[in-house]
Amino acid sequence: MALLDISDLHLSMRSFEGETPILKGIDLTVERGQIWGLVGETGSGKSLTGLTISRLLPSTTAHYTGGQVLFDGKDVLRASDRDMRALRGGRIGMIFQDPTTNLNPSFRIGTQMVDAALHAARDKPEILGLTGRESRRARRRTAWQASVALLESFGLHDAEDRMPRFPHEFSGGMRQRVLIAMAMIGQPDLLIADEPTTALDVSVQSQILRLIHRLVEERNIGVMFITHNLGVVAQLCSHVAVMYRGRIVERGPVSKVLKAPEHIYTRALMGAIPTARARMDTLRGIDGPLRDRIEAEIAATAKEVTA
Amino acid sequence: MLWYVIRRLLLIIPTLLGLTVIVFAIARLLPGDPVGLAAGPNATPEVIASVAAEFGLDKPIPVQYWNYLTGLLQGDWGVSLFSRRPVIDDLAEFVPATLELVIAALLIAVIVGIPLGLLAAIRRDGIFDYLTRTVSLGAIAMPRFFLGLLLQLAFAMALNWLPLSGRFPLIEFPPDRITGFYTVDAILIGDWHALGLALQHLALPALALSLSPLATILRMMRASTIEVLQQDYILTERALGIPPWIILFKYTLRNAVSATLTVIGLYVSWLLGGTVLVETIFDWPGIGLYSTQAILGQDFMPVIGVTLVIAMIYLVTSVIVDILQAVLNPKVRLQ
Ligand SMILES: Nc1ncnc2c1ncn2[C@@H]1O[C@H](COP(=O)(O)OP(=O)(O)OP(=O)(O)O)[C@@H](O)[C@H]1O
Ligand SMILES: [Mg+2]
């Protein structure tokens with residue numbers, strides 16, 4: 001059974017103007033040990049796909065009109081809220097783009113980290129080496145020690161001294177390490193990373209990428225890595241899925257897709273890269289005649305499929 | 001932190017000193033004849049001169065100011081022209097009465113306003129949210145004295161649950177004076193009967209005074225909670241599987257309260273300045289009533305005294321708010 005199996009996922013977002021279809025039939029399978037790069041232009045639905053897997057979109061606006069998202073064989077779109085909370089942190093870890101805004105500014109790093117650890121340990125006490133019968137204080141102490149150890153192993157030196165500090169006393173790279181540690185302390189099987197290095201400078205970026213790579217090797221987790229940066233995909237990912245307007249237009253092993261892109265949109269993306277390490281941000285907008293050609297070709301393939 | 005507090009408190013002194021100059025100048029230079037008023041309508045020029053000499057008002061104004069200031073430092077806040085009572089004695093009686101009222105009103109506003117604001121925010125656009133939004137708009141707009149009259153009509157006259165006015169029953173003795181706050185003194189000496197009576201008298205005026213700050217705090221709390229709930233870190237906390245109640249009561253509450261705190265601080269001075277009408281309606285023997293009489297009688301020593309006390313309370317409050325702000329919000333550096 002695949003770790004994550006998304007099939008024919010349809011999502012509409014409600015707003016004042018009515019319902020807008022955002023995801024129009026996403027199919028994606030992530031196995032353990034795979035790092036999937038999810039690329040595509042801005043607004044193509046990458047983040048909403050990621051948030052759907054943890055079912056973090058507000059039910060008032062997000063309307064799932066079809067398909068299923070099987071995590072370990074269980075459909076998250078139909079799971080209870082309680083089950084979803086157990087999945088989050090404990091089975092599915094998430095990290096986001098901006099480390100400066102994703103830590104609560106009013107609480108010590110240690111407090112936030114220990115809470116994350118304790119909530120993951122409610123359903124999996126073994127991750128902290130607990131039996132579940134310890135006192136509250138003993139649990140907190142164990143969670144604290146486990147947090148320090150994890151932060152140290154993620155390259156945050158003097159973690160013991162840093163735990164009682166507040167987020168604004170940390171650099172961006174340090175905060176992102178803390179956030180990754182918070183996502184990983186529950187030993188999840190799947191890590192969803194939504195542009196985790198976009199806000200960091202290049203040297204810190206490659207350290208974070210190495211850290212994620214190490215996690216996959218050591219723990220055999222699956223990763224969904226959302227990015228604009230095809231250079232990062234080439235460097236880190238084993239597989240890549242290319243999104244365009246709520247659909248995945250091309251997918252496969254990185255070596256294959258980046259060497260011989262089949263879909264015109266992928267080719268447009270790659271043709272637009274000035275150098276291998278350039279960021280896609282500058283290229284988010286593909287416009288003019290090229291966009292018309294992409295649209296025409298997609299329309300043609302859609303007709304072929306229905307015909 | 002300790003240094004910061006000490007420095008802030010020391011900074012209050014020059015502010016107050018400047019204030020004495022201004023208030024003294026205004027009170028003495030305004031047209032009017034306080035000595036003549038005090039001496040009475042039929043006083044002969046000799047009597048008026050002797051009254052002026054008694055109070056030192058025959059001296060040049062800078063000298064009067066100097067005498068006042070040196071007296072102030074020795075605990076002599078001047079004497080009322082009419083009652084001839086030392087102002088400091090009057091203040092010791094009336095300031096605790098007003099403070100008790102203001103603090104009770106503020107406590108009601110905070111204790112009710114913050115949870116209701118939080119509730120309105122998490123049930124945003126629900127029935128409760130609409131209800132509180134409408135009611136609080138009305139509450140902010142409604143004059144306090146009118147609300148006071150309504151409360152008297154309903155709870156004192158129609159239902160007869162609570163006393164109509166006053167701070168304590170006329171036929172009973174208030175608790176022995178320790179702090180001057182009847183509720184606090186009753187608790188300190190363990191007189192539960194007196195505590196009950198004091199609370200009964202406090203209830204309606206405090207309620208009348210609390211409604212507007214309550215509504216403002218509720219709206220502020222609602223807005224800041226909604227703002228906090230939209231922050232990235234809340235999504236991260238949810239993605240970590242942290243239960244909603246911990247996210248709300250631990251990780252959201254503190255940030256939202258810290259935004260609301262500034263409003264609460266501002267309301268202290270608003271309340272202090274705004275007790276007059278409520279004190280009049282409820283016959284509450286506080287500085288509102290006291291200073292109104294003093295102003296009408298051009299009795300300037302009490303006026304200056306009351307002004308200084310209000311300024312002092314305001315300045316101390318702002319220090320307290322800043323300290324609380326720093327406790328809630330580690331990014332605020334105390335320097
Ligand atoms: N809360 C929302 N309500 C309505 N529409 C939304 C909401 N969030 C996102 N959308 C829309 O859904 C589409 C997909 O958004 P999404 O954030 O998944 O894009 P993305 O591929 O992650 O883009 P980016 O690369 O800029 O992060 C966009 O067109 C966006 O306007
Ligand atoms: Mg995105």
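So that the names make sense, note that chain A is the first sequence line, chain B the second, and so on, each numbered from 1.
- Here the side chains of A:Asp115 and B:Lys250 are in contact, with some heavy-atom distance below 4.5 Å.
- Heavy-atom pairs under 4.5 Å with chain B peak, among A:Ala116, A:Ser54, A:Pro188, A:Pro105, at A:Pro105.
- Atom-to-atom distance recorded for B:Leu240:CG and A:Ile92:CD1 is 12.5 Å, nearest 0.5 angstrom.
- Of the two parts of A:Leu51, only the side chain, counted from C-beta on, holds a non-hydrogen atom closer than 4.5 Å to a non-hydrogen atom of chain B.
- The closest donor-acceptor contact from the side chain of A:Asn104 to the backbone of B:Tyr233 lies at 3.5 Å or more, if one exists at all.
- Although no hydrogens or angles enter the test, the distance criterion places no donor-acceptor pair under 3.5 Å between the side chain of A:Arg88 and the main chain of B:Ile242.
- Within 6.0 Å of atom CZ in A:Phe166, more than 12 heavy atoms from other residues, nucleotides or ligands are found, so the atom counts as buried in its surroundings.
- Atom CH2 of B:Trp192 is surrounded by more than 12 heavy atoms from other residues, nucleotides or ligands within 6.0 Å.
- For B:Arg123, the CZ atom is loosely surrounded, since the number of other residues' heavy atoms within 6.0 Å does not exceed 12.
- Note that CG of B:Asp232 and CG of A:Leu103 are 10.5 Å apart. Values are rounded to the nearest 0.5 Å.
- Residue-environment remark: CZ (B:Phe128) exceeds the threshold of 12 foreign heavy atoms within 6.0 Å.
- Under the 3.5 Å distance criterion, with hydrogens and angles disregarded, a donor-acceptor pair is assigned to the side chains of B:Thr236 and A:Asn102.
- The environment of B:Leu10 atom CG is dense: over 12 non-hydrogen atoms of other residues, nucleotides or ligands sit within 6.0 angstrom.
- Residue B:Leu328 touches chain A through its backbone alone, counting heavy-atom pairs closer than 4.5 Å.
- Atom CZ of A:Arg165 has 12 or fewer neighbouring heavy atoms from other residues, nucleotides or ligands inside a 6.0 Å radius.
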For this session: Mind running side-chain hydrogen bond (donor to acceptor under 3.5 Å, both in side chains) on A:Ser106 and B:Asn255 for me, showing each step along the way?
Result: CA-CA 7 Å; A:Ser106 309; B:Asn255 299 357; 2.4 Å; yes
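- Here A:Leu118 contributes atom CG and B:Ile246 contributes atom CD1; the two are 9.0 Å apart, rounded to the nearest 0.5 Å.
- In this structure, the portion of B:Arg254 lying under 4.5 Å from any heavy atom of chain A is its side chain and not its backbone.
- Atom CZ of residue A:Arg85 and atom CZ of residue B:Arg238 lie 10.5 Å apart, to the nearest 0.5 angstrom.
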